[in-house]
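Every chain is numbered from 1, with letters handed out A, B, ... down the list of sequences.
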Protein chains: 2
Amino acid sequence: MRVAELSRRSGVSVASIKYYLREGLLPPGELTSPNQAHYDEEHLRRLRLVRALLDVGGLTVAGARDVLATVDDEQVDLHHALGTAQDAVMARVQPVEDDASVRAEKVVADLVARRGWRVTENNAGRRAAVDVLATLDRLGGDQVVGLLDVYAEAMEAVGDREVAAVVDRDEREGSVERVVVGIVLGGALIAALRGMAEESASARRVGPGEQR
Amino acid sequence: MRVAELSRRSGVSVASIKYYLREGLLPPGELTSPNQAHYDEEHLRRLRLVRALLDVGGLTVAGARDVLATVDDEQVDLHHALGTAQDAVMARVQPVEDDASVRAEKVVADLVARRGWRVTENNAGRRAAVDVLATLDRLGGDQVVGLLDVYAEAMEAVGDREVAAVVDRDEREGSVERVVVGIVLGGALIAALRGMAEESASARRVGPGEQR
DNA sequence: CGACGCGGATAGTTCTACTCTCCGTTCATG
DNA sequence: CATGAACGGAGAGTAGAACTATCCGCGTCG
């Protein structure tokens, strides 16, 4: 197919497709002549993946490019792919170094030790956790910190099951893409389900028989 | 204090503070003369909250304004505040209506029924969940869907504990702000901890005795 | 054959979140 | 009391991100 059909089938404008081609999110089509190219089903799949990462996952175009480069890299292992996807999802602000962040680092280090987690110093999640806890410290409220172990418990179960779900498959057949999709869209799904669970719990407190 | 000190103590530029004042994120200072205003500790607290919502929570300025208007509203109840905060966090794309989204709606409805959740039709989390599942459907991979109940289980525990933590306090004394901070920063913290748990689980698979 | 669509390149647009400049006033310092 | 820095307020300007529009010369198809 040519670009017009790719556009029609994906719902993405031709102009945007050309932009993604320029930015390297989408591999170029197979040239049949110097100014005619041909796209296949794989391009359509990829284009849908791009839109999923941007729209649902909230990645930037640059972040999506990094992630997709990892997906295309034949010799990247799943552990490394996981790190790249996490880096793209956690849009980092460079953290300030004050005593709140020092305390937050200690809280995270204690948590890691308490749970026996194997997490490197520069894991994106770890840096993000320090950042959030330092911010909470600066805000002065202790409300969320009391739930830290609740969160950690829940995420440990989730992380174990996720990793198991990836490993319990025949090895390395689109599995990097599965990891990436799992991290990016899984995160969005978890946030959505948390919202539902919170509303549900809150509705029950308001009154068990109430309509709205 | 005047604006220069507010800037120095918060680390936010004077120009940005003026911008937040214009946008209604920060209430105006108390005017001591037509062109001199005085800010207090409350303004400093509020400014830090604004930066937390924007930087860590990833809210837009418009989203933060909506959330802060709820925080300032004396007669809003906690259940409604929860909804407003969720709306701001889930930056919505307007969903397309195709058969993938119809299937996704059914999956979500089944989940809600299976778990006995009380969730309204237009809960932000619910709409976001439909969106994610429809996107996964379009991508054709079933990988994440198999974890749906794992995620739901984890988030049910989290949501119950979070709501309990808010209710088990003396009523309505900055509690709307606590709810908002809990939802926005709690979400960031959960995402961060998931990243850590995933890396940890993945590292264990790679090899129990391995470095780096 | 001729109009429409193509790929490729470059320039322009829109939106967001600031940031800069200007104005007339006021405060702090000597 | 002079004067210069800082103030509040308003408007215009800017940077980056993600498109979007235009143009060009070539291909394809009716």
Side-chain angles (χ1 to χ4, degrees), chain A residues 1-40 43-44 47-68 88-89 91-94, chain B residues 1-40 43-44 47-68 88-89 91-94:
Chain A
M1 76 189 93
R2 285 178 307 179
V3 79
E5 189 180 348
L6 189 60
S7 168
R8 193 178 42 71
R9 288 228 271 157
S10 64
V12 178
S13 74
V14 172
S16 290
I17 293 174
K18 287 185 175 187
Y19 171 63
Y20 297 148
L21 286 166
R22 276 201 302 280
E23 293 297 314
L25 304 194
L26 213 53
E30 192 193 346
L31 286 176
T32 59
S33 46
N35 69 340
Q36 295 290 299
H38 163 255
Y39 305 94
D40 56 20
H43 283 93
L44 182 57
L47 185 51
R48 286 204 253 254
L49 175 58
V50 167
R51 292 317 292 247
L53 295 181
L54 298 182
D55 291 349
V56 182
L59 298 201
T60 61
V61 167
R65 178 176 42 227
D66 293 348
V67 164
L68 291 168
V89 168
R92 291 266 36 81
V93 268
Q94 75 281 11
Chain B
M1 78 189 94
R2 286 180 306 181
V3 78
E5 189 180 347
L6 190 60
S7 168
R8 194 177 41 72
R9 287 229 271 159
S10 63
V12 178
S13 74
V14 173
S16 290
I17 293 174
K18 287 184 174 187
Y19 171 62
Y20 297 149
L21 286 166
R22 277 202 300 279
E23 292 296 316
L25 304 194
L26 213 52
E30 192 194 345
L31 286 176
T32 59
S33 44
N35 70 338
Q36 294 291 299
H38 164 255
Y39 304 93
D40 56 19
H43 282 93
L44 183 58
L47 185 52
R48 287 204 253 254
L49 176 59
V50 167
R51 291 318 290 248
L53 296 179
L54 298 181
D55 291 349
V56 182
L59 299 200
T60 62
V61 167
R65 179 177 42 228
D66 293 349
V67 164
L68 291 168
V89 168
R92 290 266 34 82
V93 268
Q94 76 280 8

Just the rounded figure in Å: distance from [atom2] of [N] to [atom1] of [X].
X       : N      : atom1 : atom2 : value
A:Leu47 : D:dC19 : CG    : C1'   : 14 Å
A:Leu25 : D:dA17 : CG    : C1'   : 13 Å
A:Arg8  : C:dG5  : CZ    : P     : 14 Å
B:Glu23 : D:dA10 : CD    : P     : 13 Å
A:Leu53 : D:dA17 : CG    : C1'   : 17 Å
B:Ile17 : D:dA10 : CD1   : P     : 17 Å
A:Leu6  : C:dG7  : CG    : C1'   : 14 Å
B:His43 : D:dG8  : NE2   : P     : 11 Å

- Query: Are any of A:Tyr39's side-chain N or O atoms less than 4.0 Å away from OP1 or OP2 of C:dG7?
  - Reply: yes

- Mind listing the closest non-hydrogen atom pair of B:Val67 and B:Leu59 along with its distance? CG2-CD1, 4.1 Å

- Item | B:Leu44 to B:Ser10 - nearest heavy-atom pair and separation | CD1-CB, 3.9 Å

- A:Met1 side, atom CE; A:His38 side, atom NE2 - distance, nearest 0.5 Å: 7.0 Å

- Item | Nearest-0.5 Å distance that lies between atom CZ in A:Arg48 and atom CZ in A:Arg9 | 7.0 Å

- Message: Can you confirm whether B:Tyr20 sits close enough to B:Leu68 that some side-chain heavy atom of one is under 4.5 Å from a side-chain heavy atom of the other?
- Response: no

- Query: Given side chains that start at C-beta, do those of B:Tyr39 and B:Leu47 come closer than 4.5 Å, heavy atoms only?
  - Reply: no

- Query: Can you give one letter per nucleotide of nucleotides 17-30 of chain C, going 5' to 3': B for a protein heavy atom under 4.0 Å from the base, S for sugar-phosphate only, - for none?
  - Reply: BBB----BBSS---

- Task: Mind checking A:Leu31 for me? I need base, sugar-phosphate or nothing, with any heavy atom below 4.0 Å counting as a touch.
- Result: sugar-phosphate

